[in-house]
Student: 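One structure, pasted below without further comment.
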Amino acid sequence: MAGQINAFEMAQKQFDGVAKLLNLDPQISEVLRWPMREYSFRIPVRMDDGSLRVFQGYRVQHNDARGPNKGGIRFHPNETFDTVRALATWMTWKCAVADIPLGGGKGGIIVDPSSITTPEKERLCRGWVQNMWKNIGPRQDVPAPDVGTTPQMMGWMMDEYSRMVGQYTPGVFTGKPLGGGGSEGRTEATGYGVIYTVREAMKHLKMDPSQSVAALEGFGNVSQYAAIGFVEMLGGKIACVSCWDRNDKTSYTYSHKDGVSPRFLLTIVDQYGTIDQKKAKEAGYIIEDGEKWIEKECDVLIPAAIEGHVNGDTVKRMSGRVKIVAEGANGPCTPEADDYFKKNGIFNIPDFLCNAGGVTTSYFESVQNDMNFYWTKHEVLERLDTKMTQAFNAVLQMSEKEKVYMRDAAYMVAIDRVVKAMQLRGWI
Ligand code: NAD
């Protein structure tokens, strides 16, 4: 996580604010402020050199009133229990706002995935499943990839789970590789989903997408396809992208006098989202400090890297031209940044709405696994567009009806749906 920000305190603070707006019974709030179940465990892994290393693993299941828990597994050196709690909580709201019949979960391991070899990674993935297999499953909790994890890792994890339970169970993990139970369109889903919501926001704000410029933080899975979608679907221009350089252990912003070409950068970025500096320079890219991305002249800001980077300090450096902040990452904007957006009339597309394309397509993946019948990429993306557009418009309507900020409106839609499910099940 970002360092100074406790993500879970932020998630609770956001929830408390909306619970107040909704006049939610404090006893119901007490159920929803905390995860229902939490798992913390140690994973011993035999390393390639014969030594034994022990990794810290987590899984948090926040609320499953609307269906099995759903959420990614992060491999990150700064992972904490509180980060996982926050992300699990946001997943409950995300699935509810996207109106898919799933609850919220999240997992993680404290590890820098680029510091271990492929066989070590496989053993670590299998170790995570050996600890958790009794508490996950297609009808219990369905993990997926997140920062630092890949489709291949989901393939290993699904295989380990299938071994443990004694039957092929593709629906236990989503984000699996194509040909190994994965869905067409999953790679593009989160980034394209971000752009479907940006497109709807632009319609609402009467902006011309073809005249618009975006600045993005990060150049991993979400940012890559958000950038491609911004250029290819909306006809807009990209001012810059940024990334964490895992060799230099510092972040950089990449821009180009003719606008960034995301398709080109895709050819020189590694699997962890680090852009090859030498090749970028050769192609005329300007490389600046990692925080510069937020200062670029643009209409749309898409933080799609890590939480807490748009905060009380950095938000003031934003260009006065910004009209939309589309949260590709989870929790990229702090409550102080929210205050700034409200004061300055900046339209915010909150994370659990904006980046719900990934989980929606994960849901499509498990539906296809259940049917053992697979859709084309076109079918997947068309269904995704429909779902994201409906979700965006439900939140916009709530925001206009209740005269509240988009994040609050998204929480209202989501909390309403979760409370209703708990009531219908007789939990409250
Ligand atoms: P990724 O690992 O593919 O890429 C992360 C990118 O962020 C990389 O380019 C990395 O270099 C960059 N980055 C990391 N630290 C940085 C820093 N300090 N400054 C600048 N750049 C930095 O991850 P991803 O899958 O693209 O996920 C990004 C965010 O989106 C996360 O918050 C994740 O939880 C969220 N998210 C991802 C998905 C998904 O389907 N991948 C879905 C929903 C939400």
Side-chain angles (χ1 to χ4, degrees), residues 1-3 7 70-79 83-84 86-88 90-91 94-95 98 104 106-108 112-114 143-151 153-154 174-175 182-183 185-194 197 215-227 240-254 262 265-266 268-277 288-294 302-310 314 326-333 350-363 365 384 388:
M1 59 174 280
K70 184 89 196 88
I73 301 176
R74 259 184 191 201
F75 280 21
H76 199 279
N78 301 335
E79 193 64 283
T83 317
V84 183
L87 295 166
W90 284 320
M91 284 307 296
K94 190 184 296 188
C95 292
K106 206 80 181 190
D112 174 356
S114 63
D146 199 277
V147 175
T149 47
T150 61
M153 294 184 194
M154 297 305 113
T174 60
S183 173
R186 178 62 185 86
T187 310
E188 297 87 348
T190 309
Y192 281 8
V194 167
T197 66
L216 291 91
E217 187 189 35
F219 199 63
N221 175 255
V222 179
S223 180
Q224 288 164 11
Y225 289 93
C240 69
V241 301
S242 75
C243 77
W244 174 258
D245 192 301
R246 63 193 186 90
N247 308 309
D248 291 9
K249 306 264 178 271
T250 180
S251 61
Y252 296 101
T253 299
Y254 292 76
L265 289 184
L266 206 55
I268 61 164
V269 68
D270 71 11
Q271 58 172 316
Y272 305 103
T274 294
I275 296 168
D276 185 321
Q277 289 193 42
E288 297 169 281
D289 178 85
E291 291 205 347
K292 279 275 178 210
W293 75 279
I294 203 165
I302 307 181
I306 204 96
E307 59 267 28
H309 277 193
V310 184
T314 57
E327 298 182 347
N330 286 314
C333 302
D351 48 7
F352 60 102
L353 167 64
C354 191
N355 67 34
V359 74
T360 302
T361 308
S362 277
Y363 165 61
E365 180 177 330
L384 177 65
M388 294 299 293

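Note that the structure is a prediction, hence the values are computed from the model and not measured. Both ligands and their constituent atoms are indexed starting at 1 by order of listing.
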Student: Working to the nearest 0.5 Å, report the span between OG1 of T150 and OH of Y272.
Tutor: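 The OG1 atom of T150 sits 8.0 Å away from the OH atom of Y272.
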Student: Identify all N/O pairs between ligand 1 and the protein with a separation under 3.5 Å and present them as a table of atom names and distances.
Tutor:
{"from": "ligand 1", "atom 1": "3 (O)", "to": "N221", "atom 2": "N", "distance (Å)": "3.0"}
{"from": "ligand 1", "atom 1": "9 (O)", "to": "F219", "atom 2": "N", "distance (Å)": "2.9"}
{"from": "ligand 1", "atom 1": "9 (O)", "to": "G220", "atom 2": "N", "distance (Å)": "3.2"}
{"from": "ligand 1", "atom 1": "9 (O)", "to": "G273", "atom 2": "O", "distance (Å)": "2.8"}
{"from": "ligand 1", "atom 1": "11 (O)", "to": "W244", "atom 2": "N", "distance (Å)": "2.8"}
{"from": "ligand 1", "atom 1": "11 (O)", "to": "W244", "atom 2": "O", "distance (Å)": "3.2"}
{"from": "ligand 1", "atom 1": "11 (O)", "to": "G273", "atom 2": "O", "distance (Å)": "3.3"}
{"from": "ligand 1", "atom 1": "21 (N)", "to": "W244", "atom 2": "N", "distance (Å)": "3.4"}
{"from": "ligand 1", "atom 1": "26 (O)", "to": "N221", "atom 2": "N", "distance (Å)": "3.1"}
{"from": "ligand 1", "atom 1": "26 (O)", "to": "V222", "atom 2": "N", "distance (Å)": "2.9"}
{"from": "ligand 1", "atom 1": "32 (O)", "to": "R74", "atom 2": "NH2", "distance (Å)": "3.3"}
{"from": "ligand 1", "atom 1": "32 (O)", "to": "N330", "atom 2": "N", "distance (Å)": "3.1"}
{"from": "ligand 1", "atom 1": "34 (O)", "to": "R74", "atom 2": "NH2", "distance (Å)": "3.0"}
{"from": "ligand 1", "atom 1": "34 (O)", "to": "D146", "atom 2": "OD1", "distance (Å)": "3.2"}
{"from": "ligand 1", "atom 1": "34 (O)", "to": "D146", "atom 2": "OD2", "distance (Å)": "3.4"}
{"from": "ligand 1", "atom 1": "34 (O)", "to": "N330", "atom 2": "ND2", "distance (Å)": "2.8"}
{"from": "ligand 1", "atom 1": "40 (O)", "to": "R186", "atom 2": "NH1", "distance (Å)": "3.4"}
{"from": "ligand 1", "atom 1": "40 (O)", "to": "R186", "atom 2": "NH2", "distance (Å)": "3.2"}
{"from": "ligand 1", "atom 1": "40 (O)", "to": "T190", "atom 2": "OG1", "distance (Å)": "2.6"}
{"from": "ligand 1", "atom 1": "41 (N)", "to": "N221", "atom 2": "OD1", "distance (Å)": "3.2"}

Student: For D112, give me all partners under side-chain hydrogen bond (donor to acceptor under 3.5 Å, both in side chains), at least two apart in sequence or on another chain.
Tutor: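 So D112 forms a side-chain hydrogen bond (donor to acceptor under 3.5 Å, both in side chains) with S114.
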Student: Out of D351, N355, T360, which one pairs with K94 under the side chain to side chain contact (heavy atoms under 4.5 Å, CB included) rule?
Tutor: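 With K94 as partner, side chain to side chain contact (heavy atoms under 4.5 Å, CB included) holds for just one option, N355.
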Student: First locate atom OG1 of T149, then atom CD1 of I73, and finally report the distance between them rounded to the nearest 0.5 Å.
Tutor: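 Here the interatomic distance stands at 6.5 Å.
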Student: To the nearest 0.5 Å, what is the distance between CD1 on I268 and CD1 on I275?
Tutor: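 Taking CD1 in I268 and CD1 in I275, the distance rounds to 6.5 Å.
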Student: As an exercise, state the distance from NE2 of H76 to CD1 of I306, rounded to the nearest 0.5 Å.
Tutor: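 Between H76 NE2 and I306 CD1, I get 4.0 Å after rounding to 0.5 Å.
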